[in-house]
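Residue numbers begin at 1 in each chain, while the letters A, B, ... track the order of the sequences.
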Amino acid sequence: MDYQFKQIEKEWQKFWAQHQTFKAEVDTNKPKYYVLDMFPYPSGAGLHVGHPLGYIASDIFARYKRLKGFNVLHPMGYDSFGLPAEQYAIQTGQHPAKTTETNINRYREQLDNLGFSFDWSKEVRTSSPDYYKWTQWIFMQLFNAWYNKETDRAEHISTLIAKLETIPATEIKAVCDDDVLPLLPSDWSAMSEEEKQSELLKYRLTYLKESTVNWCAALGTVLANDEVKDGFSERGGHPVEQKKMMQWSMRISAYADRLLKGLNDIDWPEPLKEMQRNWIGKSEGAMVSFELEGHSQQVSVFTTRVDTLYGVSFLAIAPEHELVASLTTPAQKAEIDAYILATKKKSELDRMADVKTVSGAFTGSYAINPLSGEKVPVWIADYVLAGYGTGAVMAVPSGDQRDYLFAKHFNLPIVQILDAQICDTEADPTKEGRYVNSGIINGLTYKEAVAKIVAALEEKGMGYAKVNYRMRDAIFGRQRYWGEPVPVYFKNGLPYLIQEEELPLLLPEIDKYLPTESGEPPLGRAKDWKYQDEYEYELSTMPGWAGSSWYWYRYMDANNDAAFADKDKIAYWRDVDLYIGGNEHATGHLLYSRFWNKFLKDMGYVVEEEPFKKLINQGMIQGRSNFVYRVNDIDGKGTNEFVSYGQKSNYSVTPLHVDVNIVNNDTLDIEAFRNFRPEYKDAVFIYEDGSNSLSAEDGRGEAKYICGHEVEKMSKSKFNVVNPDDLVERYGADTLRMYEMFLGPLEQSKPWNTNGIEGVFKFLRKFWKLFHDENFNFQVSDAAPTKAELKALHKIIKKVEEDIERFSFNTSVSSFMIAVNELTDLKCNKKAVLQELVILLSPYAPHITEELWKLLGNRPGTLSFAQFPTFNPVYLVEDEFAYPVSVNGKTKTNLLLPLTMEPSEVEKVVLADEQIQKYLDGKTPKKVIVVKGRIINLVV
RNA sequence: GCUGAAGUGGUGGAACUGGUAGACACGCAGGACUUAAAAUCCUGUUCGCCCUAAAGCGAGUGCGGGUUCGAUUCCCGCCUUCAGUACCA
């Protein structure tokens, strides 16, 4: 029979499911390999053709590793808590769990269509109580932990309590809030239980704190920094404002340095690591305190250029800074108030777009330079961010451009501090030369100056060296319904954990998925939802990233209800060897996951410091839209006439999107177009050849309407969404799998273009034909392969292995085509060759190869665990080589010579060659370069 | 602005350590088969010049330089596109 992909694919998908072919069990006799995909959020739109790209690549790799003798864990699941299901619930009243279930089923169906080798017995769903029980459990561990800088790891809170009982709190090296009390052991023991709890909260790795948050009124929730884009929410594009709220936070900043260092040990794309480095934003500098004239408080600033301290001509503090009110003199009050009001009015977006305008206001107060004793004015300015450093800067106009502009604008002094510094027209941040106008560091170089200034500040108690990070602690709460409940209740305003045995804390049912009338989160609607019928539960839920920050461990032991995963299983599977996903998760998911992983390692629950050893970003698949061109009449109004792409320059036209699914290789399906919309029913066309009737005059076939095209985002409104199911229906999963790989390098973003899928389909048919005679009877021979056949085979063995190892799947598809073309030309139907080829191709096209494997007489289903063919270089050895002969680097001709011939001998033959003499034009070459087995170059 | 990635035929792309640029595929053109079409198969296809043809000549990997016998590949400068980030003190 001809290649019947539909029947073959259904049959094998059923077989794999029934036999649980890909179920992975711990097997200490085999090396493990863990291949993971970033699990999807099951949206209502289903999978489009861009989603499976990474899944196909990882599936090929997983199948390849199985053939190489590895015990492969290759699971899949769903990140099923999230906003869209809840938005839908608000609109329709339908429970998000129900929508989610429907969407998951659809996803599963689509995934099953593609023949992935997932171990579905280990499926996880973050929204299932069996799963979020353990997300809550990890939250509890974080609550019960603090970060000890001495041991450089997280520890149980009990070790902190032990310290507080024995040593002064000031001697405890902890990552904690700034306002921890300087308690003595006696103070601690004198505290009430509640006072103690309140103090411990300042140390816990997850803690409740009043913080400035990104509040999105339209979504009714708080967003993380990475969910805000240019002052608008990433999802939905609603405005976001700064607001103070009590919020759960995760002390990820405790891990800043380890998160930074760990990047050196993992095999991730360099750009991705760079993004994380920038996000963590480590900067080394110093804290400097300035006394304030007439006040008891001080202002401290963070600076990376403590050497410029003598160049400070004013202090600038954020309008939100806590000292603004007390620093403002009566005379300046009106001006300051007006400025603060103006700043608040400006939206985040304006403030960013408006980088060039200098603005600020003088408080009327003065600060004292700790080293020079000089009086400098204190200003407020919106270029100083409340959220970074201390929310105050020491302004050095000679060395910092923003300070420079500010000083120019407000006529403040600009003091040169280095002899090599040129700051007549702009700031000069270089560190060259020796210091001038700089008190104790005059005449010194940069390096000497920094050390001396830090020492002087430390001696006076006015400053110290400090490392600062841009990364803030992560907000860990959403005022939303469809997320994990936080396992916390409140007693006298203080948070307490519920008991571990009481997990999971189930998401309660509510009547509407909206905030309460008093503005509390939706959980405030739950009736009689109280801990021990008495205490209020936490009403916010966990953010989207909670469930995805540890899910790869759950796959190891998905059905365990005694632990998030069994210790022995974690000890076997350890970490993810290969992780494939989009790079939109660079600073969110991937950073939080590394953080939780390090914490779990500190607490002894897992074994590896880093969760994802190797990571690959698959490129985004963009949409490729098609256009028809509607002709406008003289008044510019649209007509019902459409002109083909090549003829459109002769008319005034309006381009209109047309559904890519009724366009084939940019040729419009006229019939389908007429049915696309009622108003097109009687459309008139001007075809590519300029004619306006379907059949050309000479009867040489049909005229064509050619569409224009453009690359855009894949979206419904642009009619460029391509559904994988349609392509599977037409060409089969094996063709789609190979075509997605054939499209180009995995990491590269590219527009989806179905043109060309035929080529891959033809290839598979040609491959099928190798095993069949003209009448499609299965027929292979047991004869011994010829030298040429073995050469073709071993060439592809070598190529495919090398390509898979470097994730170059597109080139191996080409190589398969070449191999099949060669074997077809050789009329090869030798089992010895074809059977090896079946194994080689099986990771790419698993269905057709399973079928042929069976037809070749092997036990069904054993292909997945066959042995990957071994490359033997003997078959590729050549004894002759057609040397390209070039003159001055330009190739002129080829010369067939034995490979054993030595270069000196080659040179002689070349110079004697009649043909080559012609190119030399009678001249004697100055030099002859012979690279054995490569090239001959004559220099004239 | 800063950081990163990338620019190769009509299109997707290949060329892995500097060694025959354009593999493989799409599209297109021509042909075979067919009453016809679809499907299939064969031939050609970087551009320009020359030519009945065979053959030949020249240019060519974003642009301008450099290193080298030889550069898509290495170095310097510039341009364009995409992504991330954005007053970070």
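Glycosidic conformation of B:G9: syn, with the torsion inside 90° of 0.
At a threshold of 4.0 angstrom between heavy atoms, the contacts of A:Asn468 with the nucleic acid are absent. Residue A:Gln748 is classed as a sugar-phosphate contact, given heavy-atom separations below 4.0 Å to backbone atoms only.
Comparing A:Ser815 and A:Thr811, the nucleotide of RNA chain B nearest to each residue sits closer to the 5' end for A:Thr811. Toward the 5' end of RNA chain B, the nearer of the two residues A:Gly756 and A:Ala392, judged by each one's closest nucleotide, is A:Gly756.
Using cut-offs of 30° and 60° on the angle between ring planes, the pair A:Phe410 and A:Phe406 is tilted. Taking the six-membered ring for Trp and thresholds of 30 and 60 degrees, A:Trp379 and A:Phe314 have ring planes more than 60 degrees apart, a perpendicular arrangement.
Following rounding to the nearest Å, A:Glu758 (CD) and B:A25 (P) show an atom-to-atom distance of 14 Å. Here B:U20 presents its P atom at 11 Å from CG of A:Asn894, a figure rounded to the nearest Å. B:C26 atom P lies 11 Å from atom OH of A:Tyr731, rounded to whole Å.
Under the 3.5 Å distance criterion, the side-chain polar atoms of A:Ser886 are matched with a main-chain donor or acceptor of A:Ile936.
Side-chain nitrogen and oxygen atoms of A:Lys273 include none within less than 4.0 Å of the OP1 or OP2 phosphate oxygen of B:G4. For A:Asn617, no side-chain nitrogen or oxygen approaches OP1 or OP2 of B:A5 to under 4.0 Å. A:Arg470 has a side-chain polar atom (N or O) that falls below the 4.0 Å cut-off from OP1 or OP2 of B:A86.
Side-chain atoms of A:Asn753 lie closest to B:U11 of the nucleotides B:U3, B:C16, B:U11. Checking B:U20, B:U3, B:A23 against the side-chain heavy atoms of A:Ile818 singles out B:A23 as nearest.
No side-chain donor from either of A:Ser283 and A:Asn468 sits under 3.5 Å from a side-chain acceptor of the other.
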